[in-house]
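Below: the structure, in structure tokens.
Owing to the predicted nature of the structure, the values given are computational and were not obtained by experimental measurement.
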Amino acid sequence: MAKPELSYEEAREQLVEIVRKLEAGSVPLSESMALWERGEELATICQKWLDGAKAKIDAARAQASGDKA
């Protein structure tokens, strides 16, 4: 069974934690690489949420502009 998609907030919080660990430099290289890869996945999830929100806003603006015409 596929894992449910994370919310934007969940993905962002996990990404922030990964960045903290990587910036601390206290994890071995192999773990750093795994964290980096997970961070890339989380960044993609966040971007999908942001792109979806932007599309909704753009659609609402276009509809509002069309209603005024």
Side-chain angles (χ1 to χ4, degrees):
M1 178 180 257
K3 207 170 140 181
E5 184 83 7
L6 295 172
S7 70
Y8 172 80
E9 292 79 8
E10 292 167 329
R12 184 179 179 282
E13 185 57 38
Q14 288 183 27
L15 184 55
V16 167
E17 186 58 33
I18 286 173
V19 169
R20 282 187 194 130
K21 287 180 182 179
L22 291 172
E23 286 180 341
S26 59
V27 294
L29 179 59
S30 60
E31 187 178 342
S32 292
M33 293 302 297
L35 287 170
W36 179 270
E37 290 172 359
R38 179 61 179 152
E40 289 289 331
E41 293 170 1
L42 292 166
T44 298
I45 291 169
C46 288
Q47 192 60 55
K48 283 173 45 181
W49 278 106
L50 294 172
D51 291 345
K54 183 180 183 312
K56 286 180 182 179
I57 291 168
D58 290 345
R61 284 183 177 163
Q63 184 178 4
S65 292
D67 290 346
K68 292 179 182 177

Do L22 and M33 share a hydrophobic cluster (ILVMFWY, side-chain heavy atoms under 4.5 Å, transitive)? no
Do NZ/NE/NH1/NH2 and the carboxylate oxygens of R12 and E9 come within less than 4.0 Å? no
So, are K21 and E31 salt-bridged, with charged N and O less than 4.0 Å apart? no
Does some side-chain heavy atom of Q47 sit less than 4.5 Å from a side-chain heavy atom of L50? yes
When rounded to the nearest 0.5 Å, the distance separating CH2 of W49 from CD of E10 is 9.0 Å
If hydrophobic clusters are built by linking Ile, Leu, Val, Met, Phe, Trp and Tyr wherever their side-chain heavy atoms come under 4.5 Å apart, do V16 and I18 end up in the same one? no
Would you give the length of the straight line joining atom SG of C46 to atom CD of Q14, rounded to the nearest 0.5 angstrom? 9.5 Å
Which heavy atom in V27 sits nearest to a heavy atom in S32, and how many Å separate them? CG2-OG, 3.1 Å
Show your reasoning for whether side-chain contact (heavy atoms from CB on, under 4.5 Å) applies to L15 and I45. CA-CA 10 Å; L15 184 55; I45 291 169; over 6 Å; no
So CG of L42 and CD of E13: to nearest 0.5 Å the spacing works out to 11.0 Å
